[in-house]
Student: 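This is the structure I want to talk about, given as structure tokens.
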Amino acid sequence: MAEIPKSYDPQGVEQRWYEQWLAAGCFKGKVDPSRESFAVMIPPPNVTGVLHMGHLLNNTLQDIMIRRARQEGKSALWLPGTDHAGIATQSRVEKELKQKHGKSRHDLGREKFIEVASEWRDKHGGIILSQLQKLGASCDWDRKVHTLDAGYSQAVLQAFVTLYERGYVYRGKRMVNWCPVSQTGLSDEEVIMKPTQGSLYKMRYEVAEVPGTFLEISTTRPETIPGDVAVAVHPEDSRYQHLIGKHVWRPFPRAQIPIVGDTAVEKDFGTGVLKVTPAHDRTDFDIGKRHNLAVLDVMNPDGTMNADAGPLAGLERFKARTAAAKLLEELGALVKIEPYENTVGYSERADVPIEPRLSEQWFIHYPKIEEAKRAVTSGMIKFHPERWTKTYLHWLDNIQDWCVSRQLWWGHRIPVWYRKGADRNDAKNRHVSLQPPADVANWEQDNDVLDTWASSWLWCLATIGWRKPGETTDELKHWYPTGALATGPDIIFLWVARMIIAGLELHGPEKKTLSDDEIRARIPFKRVYFNGIIRDKLGRKMSKSLGNSPEPLDLIAKFGADGLRFGLLSIAPKGQDILFDEDRVSQGRNFCNKIWNASRFRQMSGPMFDNSSIASIVKRINPAQLDDDDSAILYGIIELSKSTAHQLDEHEFTAYSQGLYSYFWGDFCDWYVEASKVRLADATQRDHCLAVQDLVLRQFLLLLHPIAPFITEELWHLLGYGKENEFIQNQNPSNGSHITDAFKASSIKIDVTKVSDVSLLREFVAEVRAAKSQANQATKRDSVITVVAKDNKAKELLSHNREKLSRLAGLLDMQFTDSPGDRPGTVCQLGTAILEQSGTIDVAGEKIRLSKELEKIEKAVTAGEAKLSNDTFVSKAPAKILEGARKQLTEAKAKRDEIVRMLKTLN
RNA sequence: GGGGGUAUAGCUCAGUUGGUUAGAGCGCCUGAUUGACAUUCAGGAGGUCGAUGGUUCAAGUCCAUCUACUCCCA
């Protein structure tokens, strides 16, 4: 075996193992019906995206789940891929076209543009995925899927056609969210509501029939005045009731428009009068419909005012707003302008205010809403943390039809052809199919493409071969439903909910309603883990413009992939937002180094024996030499295995990482290994003690492997646990039961009471160390203590462990006596330890310290006495608690007396 | 307006059926260090667990009200 270098250098180790894993096909997901399957589908990153901290966390979590599944012997698959990201990609490519060649997409034409965009995608799209390899992501790279792949596209179009045939897809002229920059409609979910500082313009419209009477109206959007076709008041508003049916003068272009009564008007908001602009506001559109009002569109698709805008024609919409205000003022119609904050919808991608705009679009009326709710409420799909269930249900309860057409070129072109020159809204003139009509010359295809999410909602189906409802394949049968999904809660509607709906409707033959068993077979995943959003130290979202996002690859280079993974995990509380702090990552790196050195120490401590199996290690443990510490550390590793299994099941990743950390660093390195140094120096005990270490290290590496795949694989081989072509991923840590089984087979008994004995010894050592530190004896190994043991059992325990204690507490000698005399001591559970003073003590300082301690302990005594003299407590509290309270009081009293005694000796 | 979340040491956070004297890492202070590791070791200071009220023998934990910050939906 090669000698282990002094400190852990991740770079070489990571690259070497990743290559070996790939070469050995470790990440391949193979259909194997004899084993339980566990699949994870990566949330496909946008081809325009760059790797950020969120990806690191999200993919670390997935890698942990998939690696643990592999260890458990499941047939595991982590499938990677990318999303074509319609709007984002198209705008990126258009921008580049403009900058480099001064051309628009129209200059190129549809076909050529898609060619250019595809080239761009091929060049940039794979970057994130390859970066994930540096993190150690164990995806089955050969299965990489892109949403515009031929097969995937076929599935997307088929889904649309099927839903059309089943009556869930319709075309209609509706108010949609229009993005003037991307010039396409958007779904409600792609609109971000932002509080925005604007102005409230108060103005007055004169009543035509009663000159000199004015209606005061407030608006935030005076530029839409030319589109006003009425004003509305509440029909029961006594202030205006009598005016309903009359008209007002619209200031520009000057025209008479009716006053209508509509209950949608809020009497208490503003003046209680609303201007009605059906073409530019959703509520107004509904009011207009109820009163048969015209729809007067005064804006162009690019956000400039059109000819109908009269004096505003040609102006950009925000310039038109100021122009309109000025115009109002000139006409004497402006009352005042006051600052006003309201919530404005912004386009998610272009980050500009959207325009409500009337246009012809395709919509999906969501199927299987009830089933989608039931899948989650009845636990067939489990959300972690559970609270997101509420958000999910609320969305389903208020669900709106989904606008799925996008006025873009980059995406899946809608598979609908219209008979040339005929009415498109008549179903007879449409051909909805994957194949064009036979006499295609007489038809023209819809120019629009589908919303990107209308392709990614099939992610769990189409990535493993779903092409048509009711048809299945071995792949689908084996992997579907997938085991878990890890994603951010920000796309719970955009993606998670829609995937559930898609699965329920499209995986299997058409059914109006589904039974529980059918739901169970159709859901895309059994669990969803919502990871938190990573923010910077100040709680701000990481963003390019703020420059507050560390470069992920730099972090990997600096701390190692394992260290980074461990650090991220330790700061990723269950679904809570995370304030990123590089210090936590260095903790992860330090931990890796600690593990490295503990293994190195093992290697230096004695020869390596047969470590190839648990049985071979256990054989080397000598039951006769099993001491208190052996029992405690072995009991600990079994308990750790149990808790780890449970925490991974429950997606308690932080608890998982912290449990490993404190066991390894605190219990194993700081105590067990230090204590075992005495035995390692003794040739008769050494091999037994090394066997215990070998067993602990082996199991620990297995438990840690999902978080820190590289270092564990490296040490697994360096310490001789695995042969050259065997990988740690094929070793099951289980819940520790295989270790207990091996113990049974070798008649090794772990005495649980030793665990508490060891904790008593640890307390004793800590107290003596503290006393030494206070006496300025520090860690020198020449202190002498005298102990008044609490009882014989304590005395026996102490003297039995004399050698270890001497080493750990730095003692030259430890004697026993029956009475402390007048010397100051320190009270532990095992008795009072008196430190022989080597120099002068700081009497005044000691007095202050002891007085402070006395005050604290007296409080505890008082509280304890009060508790125990309370009859209700004594009669009602469980025996265990009662006993504990009594013990605690006795100890507190003893400590108090000792402190009092010590204070006396100082006087 | 509706619905979440958070509030614990100087900082970042654990604390999952209520139960012994509330923990960790970082930072700070004191000390150690020739053979696992300074990416280390030992010790220490530092907390009325956001506020108030309630339930209970017992509340950081459960309930109610309030405050602050934050996210989502309208």
Side-chain angles (χ1 to χ4, degrees), chain A residues 4 6-8 188-189 192-193 343 345 385 387-391 393-395 398 489-490 492-493 532-533 535 537 539 541 559-560 563 567 570-584 586-605 646-647 650 652 654-655 657-659 661-662 665-666 669-670 673-674 677 765-774 776-781 808-810 849 852 856-857 859-861 863-864 866-868 870-878 880-889 891-892 895:
Chain A
I4 305 182
K6 188 165 172 176
S7 68
Y8 176 54
D188 294 344
E189 286 71 25
I192 312 294
M193 303 306 283
T343 319
R387 67 182 133 87
W388 292 108
T389 305
K390 222 170 171 172
T391 311
L393 293 175
H394 182 259
W395 183 73
N398 297 283
D490 47 335
I492 187 168
F493 311 134
I533 312 235
R535 299 170 178 282
K537 253 180 150 172
K541 257 191 181 167
F559 297 107
S570 70
I571 54 172
K574 221 177 177 178
Q576 216 69 259
D577 279 4
I578 297 138
L579 302 191
F580 181 74
D581 186 350
E582 212 176 273
D583 285 347
R584 296 298 283 252
S586 69
Q587 192 187 332
R589 176 204 49 187
N590 294 356
F591 188 41
C592 288
N593 193 58
K594 189 72 180 173
I595 296 162
W596 187 257
N597 272 289
S599 304
R600 185 163 166 259
F601 177 71
R602 159 62 192 95
Q603 192 196 38
M604 292 165 74
S605 300
H646 175 258
Q647 284 149 356
E650 293 305 314
E652 288 170 4
T654 318
S657 67
Q658 284 174 356
Y661 186 91
S662 72
W665 205 312
C669 292
D670 288 348
V673 171
E674 288 307 319
K677 282 178 178 170
V765 168
E767 290 290 344
V768 173
R769 281 169 172 170
K772 287 182 59 171
S773 177
Q774 275 142 25
N776 288 323
Q777 293 186 10
T779 41
K780 283 175 225 150
R781 287 182 187 158
L808 290 161
R849 188 184 69 79
K852 251 170 118 178
K856 221 162 120 187
I857 200 76
K859 262 189 204 157
V861 170
K867 203 189 246 179
L868 283 164
N870 182 340
D871 291 340
T872 0
F873 173 71
V874 176
S875 60
K876 281 197 175 177
K880 210 174 138 193
I881 300 301
L882 194 59
E883 191 193 330
R886 287 204 174 112
K887 197 175 156 201
Q888 189 196 340
L889 180 61
E891 274 161 23
K895 196 155 193 173

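Quick note: numbers below take in every heavy atom, side chains included, and nothing from hydrogens, waters or symmetry partners. Residue numbers begin at 1 in each chain, while the letters A, B, ... track the order of the sequences.
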Student: Please determine, for the side chain of A:Lys390, which listed nucleotide (B:G4, B:A36, B:U39) has the closest atom?
Tutor: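 My answer, after comparing the listed nucleotides, is B:G4.
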Student: Could you check how far NZ of A:Lys880 sits from C1' of B:C57, rounded to whole Å?
Tutor: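 The answer, rounded to whole Å, is 18 Å.
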Student: Write down the distance separating the C1' atoms in B:U8 and B:A59, rounded off to the nearest Å.
Tutor: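 It comes out at 14 Å once rounded to the nearest Å.
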Student: Expressed in whole Å, how much space separates the P atoms belonging to B:A7 and B:G43?
Tutor: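 30 Å, rounded to whole Å.
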Student: Tell me whether the rings of A:Tyr661 and A:Phe591 are parallel (<30°), tilted (30 to 60°) or perpendicular (>60°).
Tutor: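 Answer is tilted, since the angle falls between 30° and 60°.
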Student: If we ignore hydrogens and angles and just use 3.5 Å, is the side chain of A:Asn870 paired with the main-chain N or O of A:Ala866 as donor and acceptor?
Tutor: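 No, because the side chain of A:Asn870 does not come within donor-acceptor range (under 3.5 Å) of the backbone of A:Ala866.
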Student: Contact class for A:Cys669 (heavy atom, under 4.0 Å): base, sugar-phosphate, or nothing?
Tutor: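 The residue A:Cys669 makes base contact.
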Student: Just to be sure I understand the rule, does A:Lys677 reach a base, reach only the sugar-phosphate, or reach nothing, if contact means heavy atoms closer than 4.0 Å?
Tutor: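 Touches a base.
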Student: Would the distance check show the side chain of A:Asn398 and the main-chain N or O of A:His394 forming a donor-acceptor pair, the cut-off being under 3.5 Å?
Tutor: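 Yes; at least one donor-acceptor contact below 3.5 Å.
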Student: Please report the shortest heavy-atom distance between A:Lys6 and A:Trp596, naming the atom on each side.
Tutor: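 Minimum heavy-atom contact is O-CD1, 4.1 Å.
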Student: Is any side-chain N or O of A:Glu652 under 3.5 Å from a base N or O of B:U16, one able to act as donor and the other as acceptor?
Tutor: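 Flag set: donor-acceptor pair detected.
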Student: Send over the distance from A:Asp670 CG to B:A36 P, rounded to a whole Å.
Tutor: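 So the CG-P distance, A:Asp670 to B:A36, works out to 14 Å.
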Student: Nearest whole Å is fine: how far is B:U39 C1' from A:Arg600 CZ?
Tutor: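 Taking atom C1' of B:U39 as the reference, CZ of A:Arg600 is at 13 Å.
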Student: Answer whether the closest heavy-atom distance between the side chains of A:Val673 and A:Phe601 falls below 4.5 Å.
Tutor: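 A side-chain contact under 4.5 Å exists here.
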Student: Hey, does the side chain of A:Lys594 reach the backbone of A:Cys669 with a donor-acceptor pair shorter than 3.5 angstrom?
Tutor: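 Between the backbone of A:Cys669 and the side chain of A:Lys594 there is no qualifying donor-acceptor contact (under 3.5 Å).
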Student: Report the distance from atom CD of A:Gln888 to atom NZ of A:Lys895, rounding to the nearest 0.5 Å.
Tutor: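 Rounded to the nearest 0.5 Å, the CD-NZ separation comes to 11.5 Å.
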Student: So what does A:Gln888 hit on the nucleic acid, given a heavy-atom distance under 4.0 Å: a base, only sugar-phosphate, or nothing?
Tutor: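 Answer is base: heavy atoms of A:Gln888 come under 4.0 Å of a base.
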Student: Taking the side chain as every heavy atom from C-beta outward, state whether A:Phe873 and A:Leu882 have any pair of such atoms under 4.5 Å apart.
Tutor: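 In short, these two side chains touch, coming nearer than 4.5 Å.
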Student: Should A:Glu891 and A:Ile857 count as side-chain neighbours, where that means a heavy-atom distance under 4.5 Å?
Tutor: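 A side-chain contact under 4.5 Å is absent here.
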Student: Which part of the nucleic acid does A:Glu883 contact within heavy-atom distance under 4.0 Å: base, sugar-phosphate only, or nothing?
Tutor: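 Nothing, no heavy atom under 4.0 Å.
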Student: Starting at CG of A:Asn870 and ending at P of B:U20, how long is that distance when rounded to a whole Å?
Tutor: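 A:Asn870 atom CG is separated from B:U20 atom P by 17 Å.
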Student: Between protein and nucleotides 43-45 of chain B, what N or O pairs are separated by less than 3.5 Å?
Tutor:
{"unit_1": "B:G43", "atom_1": "O2'", "unit_2": "A:Ser773", "atom_2": "OG", "d": "3.2"}

Student: Using atom P in both nucleotides, what's the gap between B:C26 and B:C69 to the nearest angstrom?
Tutor: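 My reading of the P atoms in B:C26 and B:C69 gives 33 Å.
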Student: For RNA chain B, what dot-bracket results from Watson-Crick or G-U pairs at under 3.5 Å, with [ ] for crossers and | for inter-strand partners?
Tutor: (((((((..((((.....[...)))).(((((.......))))).....(((((..]....)))))))))))).
Student: If a protein heavy atom is under 4.0 Å from the base, mark B; if only from the sugar-phosphate, S; if neither, -; do that for nucleotides 69-74 of chain B going 5' to 3'.
Tutor: --S-SB
Student: Expressed as a whole number of angstroms, how long is the span from A:Ile492:CD1 to B:G5:C1'?
Tutor: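 Rounded to whole Å, this separation is 14 Å.
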Student: Test side chain to side chain contact (heavy atoms under 4.5 Å, CB included) on A:Ile492 and A:Trp395; report intermediate values, then the result.
Tutor: CA-CA 9 Å; A:Ile492 187 168; A:Trp395 183 73; over 6 Å; no
Student: Please produce a list of atom pairs where a protein N or O lies less than 3.5 Å from an N or O of nucleotides 23-26 of chain B.
Tutor:
{"unit_1": "B:G25", "atom_1": "O2'", "unit_2": "A:Gln587", "atom_2": "OE1", "d": "3.0"}
{"unit_1": "B:C26", "atom_1": "O2'", "unit_2": "A:Asp583", "atom_2": "OD2", "d": "3.2"}

Student: Could you give the distance separating B:A32 and B:G19 at their C1' atoms, to the nearest angstrom?
Tutor: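 Comparing C1' positions in B:G19 and B:A32 gives a spacing of 40 Å.
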Student: With sequence neighbours left out, write down each residue that passes side chain to side chain contact (heavy atoms under 4.5 Å, CB included) with A:Arg584, or none if nothing qualifies.
Tutor: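 Applying side chain to side chain contact (heavy atoms under 4.5 Å, CB included) to A:Arg584 gives A:Ser570, A:Ile571, A:Asp581, A:Gln587.
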Student: For A:Glu883, check side chain to side chain contact (heavy atoms under 4.5 Å, CB included) against everything at least two apart and list the hits.
Tutor: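 Result, side chain to side chain contact (heavy atoms under 4.5 Å, CB included) vs A:Glu883: none returned.
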Student: In this structure, how many angstroms lie between the C1' atom of B:U17 and the NE2 atom of A:His646, rounded?
Tutor: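 Atom NE2 in A:His646 sits about 11 Å away from atom C1' in B:U17.
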Student: Rounded to whole angstrom, note down the P distance from B:A36 over to B:U48.
Tutor: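 Between the two P atoms, the distance is 42 Å.
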Student: Given 3.5 Å as the limit, does a donor-acceptor pair link the side chain of A:Ser599 with the main chain of A:Ile595, or not?
Tutor: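 A pair under 3.5 Å: yes.
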Student: Taking atom P in both B:U61 and B:G5, what distance in whole Å separates the two?
Tutor: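 Nearest-Å result for B:U61 against B:G5 at atom P: 16 Å.
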Student: Assess whether atom NZ of A:Lys677 is packed by more than 12 heavy atoms of other residues, nucleotides or ligands within 6.0 Å.
Tutor: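 Atom NZ in A:Lys677 is crowded, with more than 12 foreign heavy atoms closer than 6.0 Å.
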Student: Could you tell me how far B:G15 sits from B:G23 if I compare only their P atoms? Round to whole Å.
Tutor: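 Their P atoms lie roughly 15 Å apart.
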Student: Over all heavy atoms of both residues, which pair between A:Leu868 and A:Ala885 is shortest? Give the atoms and the distance, please.
Tutor: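 Looks like CD1-O, 4.0 Å.
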Student: Which part of the nucleic acid does A:Asp490 contact within heavy-atom distance under 4.0 Å: base, sugar-phosphate only, or nothing?
Tutor: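 Nothing, no heavy atom under 4.0 Å.
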Student: Nearest of B:C57, B:G4, B:A36 to any side-chain atom of A:Ala877?
Tutor: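 When the side chain of A:Ala877 is considered, B:C57 is the closest of B:C57, B:G4, B:A36.
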Student: At less than 3.5 Å, do the side-chain atoms of A:Lys594 and the base atoms of B:C37 form a donor-acceptor pair?
Tutor: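 In this structure, the two groups form a donor-acceptor pair.
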Student: Give a yes/no on whether any side-chain N or O of A:Trp665 is located under 4.0 angstrom from OP1 or OP2 of B:C37.
Tutor: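 No, no such contact exists.
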Student: Name the closest nucleotide to the A:Arg387 side chain, picking from B:G5, B:A36, B:G19.
Tutor: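 Between B:G5, B:A36, B:G19, the one nearest the side chain of A:Arg387 would be B:G5.
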Student: Taking A:Arg769 for its side chain and A:Leu808 for its backbone only, find out whether a donor-acceptor pair lies under 3.5 Å.
Tutor: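 Judged by distance alone, yes, a pair lies under 3.5 Å.
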Student: Out of B:A42, B:C37, B:G4, which nucleotide sits closest to the side chain of A:Asn597?
Tutor: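 The listed nucleotide nearest to A:Asn597's side chain is B:C37.
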Student: For A:Ala655, answer base if it contacts any base atom (sugar-phosphate contacts may also be present), sugar-phosphate if it contacts only those atoms, and nothing otherwise; contact means non-hydrogen atoms under 4.0 Å.
Tutor: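 Here A:Ala655 touches the bases of the nucleic acid.
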Student: What is the separation between atom CG on A:Leu889 and atom P on B:A58, rounded to the nearest whole Å?
Tutor: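 So the CG-P distance, A:Leu889 to B:A58, works out to 18 Å.
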Student: Using atom P in both nucleotides, what's the gap between B:C13 and B:U70 to the nearest angstrom?
Tutor: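 Pairwise P distance, B:C13 against B:U70, rounds to 15 Å.
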Student: Looking only at non-hydrogen atoms, find the nearest pair between A:Ala809 and A:Lys772 and report the distance.
Tutor: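 Minimum heavy-atom contact is O-NZ, 3.0 Å.
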Student: How close or far is atom P of B:U40 from atom NZ of A:Lys6, stated in whole angstroms?
Tutor: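 Taking atom P of B:U40 as the reference, NZ of A:Lys6 is at 13 Å.
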Student: Given B:C57, B:A36, B:C41, identify the nucleotide with an atom nearest to the side chain of A:Lys876.
Tutor: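 So the nucleotide nearest the side chain must be B:C57.
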Student: With nearest nucleotides of RNA chain B determined for A:Gln647 and A:Ile881 from heavy-atom distances, which residue corresponds to the more 5′ nucleotide?
Tutor: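 With A:Gln647 and A:Ile881 compared, the 5'-side residue is A:Gln647.
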